Number of protein chains: 2
Amino acid sequence: MLEMRKENSSNALNAKELYETCGMAIAVRILGGRWKPGIIWHLGNGRIRYGHLKSLIPNISERMLVQQLKELEKYGFVERFAFPEVPPRVEYALTEEGKTLLPIVRSLAAWGDTQRDKIKLPV
Amino acid sequence: MLEMRKENSSNALNAKELYETCGMAIAVRILGGRWKPGIIWHLGNGRIRYGHLKSLIPNISERMLVQQLKELEKYGFVERFAFPEVPPRVEYALTEEGKTLLPIVRSLAAWGDTQRDKIKLPV
DNA sequence: TTCAATTCTTACTGTTTAGTAAGCAATTAA
DNA sequence: TTAATTGCTTACTAAACAGTAAGAATTGAA
């Protein structure tokens with residue numbers, strides 16, 4: 001079952017208002033979270049199978065991987081290709097829209113790399 | 001009291017490993033969350049007083065504003081200038097390091113703006 | 001008949017992030 | 001003496017995000 005949001009909480013309302021006025025908040029909402037950066041990064045190299053993607057992202061659980069892929073798919077940034085085989089084979093790829101993320105993702109990554117030795121993130 | 005993290009949770013350990021290997025994850029960690037995009041965005045226009053910043057960011061609570069500013073200050077992206085007056089006057093500004101964020105922030109914002117009418121973010 | 005392979009689901013629990021509301025400190029103005 | 005101003009702090013609660021572990025579906029191979 002999909003996890004429900006409380007659509008009328010202050011939390012949710014605040015988020016909504018932000019997205020209406022701040023493009024950066026939208027971008028960070030899409031890219032944010034623990035795992036999406038890695039997923040998008042790897043998908044930037046081309047179409048890739050579910051299991052392979054999982055192996056490329058250390059520690060990610062199946063629950064998280066599926067959940068994030070679904071979200072990205074829902075927004076139209078990722079496309080899913082399922083083959084009618086047993087055992088199943090499923091491939092994921094960035095859509096054309098998803099590929100517009102790549103330049104940003106790459107500049108984020110480059111900037112982040114410059115910070116690694118400068119700052120100490122809590123945890 | 002600063003909020004404590006459980007430094008040995010799987011959650012925390014996963015985050016740490018990610019930062020060690022993925023610059024993008026670092027960047028998203030710094031820029032992420034509900035309020036940091038807006039704070040950085042406004043600070044991009046120059047030094048600004050606490051109360052003014054608060055008025056520029058609708059719905060933000062003092063707790064959140066202070067907390068996020070402190071975090072940004074701790075990493076060296078924001079500088080705090082307190083004047084010994086009553087009532088107090090405090091100004092915030094991006095450091096030189098903080099200014100390196102601006103090009104990224106602007107491209108994120110531009111990209112996010114292109115998405116506003118295309119996608120429907122949950123909440 | 002049982003097992004293996006692969007891509008998910010589900011239920012449950014733990015951790016982190018965000019919101020609410022009240023209060024404090026130090027002066028100055030009324 | 002009381003109230004107002006400004007920039008916070010604190011304690012508490014609610015919501016969202018992340019991790020764990022078990023299991024389901026399908027069919028070919030052992």
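Predicted model only: the values in this text are computed from it and were never measured. Quick note on labels: first sequence line is chain A, next is B, and so on, each numbered from 1. Basis for what follows: all heavy atoms, side chains included, without hydrogens, waters or symmetry-related copies.
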Contact between A:L94 and A:V78 at the side-chain level, heavy atoms closer than 4.5 Å - yes or no?
yes
Side-chain N or O of [X] closer than 4.0 Å to phosphate OP1/OP2 of [N]:
X     : N      : value
B:N11 : D:dC17 : no
B:K54 : D:dT6  : no
B:R34 : D:dA16 : no
A:N14 : C:dG19 : yes
A:S61 : D:dA21 : no

If hydrophobic clusters are built by linking Ile, Leu, Val, Met, Phe, Trp and Tyr wherever their side-chain heavy atoms come under 4.5 Å apart, do B:L72 and B:L102 end up in the same one?
yes
Whole-Å distance between [N] [atom2] and [X] [atom1]?
X     : N      : atom1 : atom2 : value
B:E71 : C:dA18 : CD    : C1'   : 13 Å
B:K6  : C:dG14 : NZ    : P     : 10 Å
A:Q67 : C:dC12 : CD    : P     : 17 Å
A:M64 : D:dT20 : CE    : C1'   : 11 Å
B:R29 : D:dA18 : CZ    : C1'   : 15 Å
A:L65 : D:dC17 : CG    : P     : 17 Å
A:N8  : D:dA15 : CG    : P     : 11 Å
B:I60 : C:dT20 : CD1   : P     : 12 Å

Under 3.5 Å, which N/O atoms of the protein pair with N/O atoms of nucleotides 3-7 of chain C?
unit_1: C:dT6; atom_1: O3'; unit_2: A:R49; atom_2: NH2; d: 3.4
unit_1: C:dT6; atom_1: O3'; unit_2: A:P88; atom_2: O; d: 3.2
unit_1: C:dT7; atom_1: OP1; unit_2: A:R49; atom_2: NE; d: 2.8
unit_1: C:dT7; atom_1: OP2; unit_2: A:G51; atom_2: N; d: 3.2

With sugar-phosphate meaning primed atoms plus P, OP1 and OP2, does A:S9 contact a base, only sugar-phosphate, or nothing at under 4.0 Å between heavy atoms?
sugar-phosphate
Side chain of B:A12 - closest among C:dT16, D:dA15, D:dA18:
C:dT16
Choosing from D:dC12, D:dA18, D:dG19, which nucleotide comes nearest the side chain of A:Q68?
D:dA18
For residues 45-53 of chain A, dump all side-chain donor-acceptor pairs below 3.5 Å to protein atoms at least two apart in sequence or in another chain.
unit_1: A:R47; atom_1: NH1; unit_2: A:E91; atom_2: OE1; d: 3.0
unit_1: A:R49; atom_1: NH2; unit_2: A:P88; atom_2: O; d: 3.4

Please enumerate all residues that pass salt bridge (charged side-chain N to carboxylate O under 4.0 Å, His left out) together with B:E17, with sequence neighbours excluded.
none
Could you tell me which residues satisfy side chain to side chain donor-acceptor pair (under 3.5 Å) with B:E79, sequence neighbours excluded, listed by chain and number?
none
Comparing nearest nucleotides in DNA chain C, the 5'-proximal residue of the pair B:S10, B:N59 is B:S10
Pairs where residues 82-116 of chain B contributes a residue and the test ring-ring contact (aromatic ring centres under 6.0 Å, His included) is met, not counting sequence neighbours:
A:F77-B:W111
Donor-acceptor pairs under 3.5 angstrom involving side-chain atoms of residues 31-41 of chain A: please list them, not counting sequence neighbours.
unit_1: A:R34; atom_1: NH1; unit_2: B:N11; atom_2: O; d: 2.9
unit_1: A:R34; atom_1: NH1; unit_2: B:N11; atom_2: OD1; d: 3.0
unit_1: A:R34; atom_1: NH2; unit_2: B:N11; atom_2: OD1; d: 2.7
unit_1: A:K36; atom_1: NZ; unit_2: A:G32; atom_2: O; d: 3.1

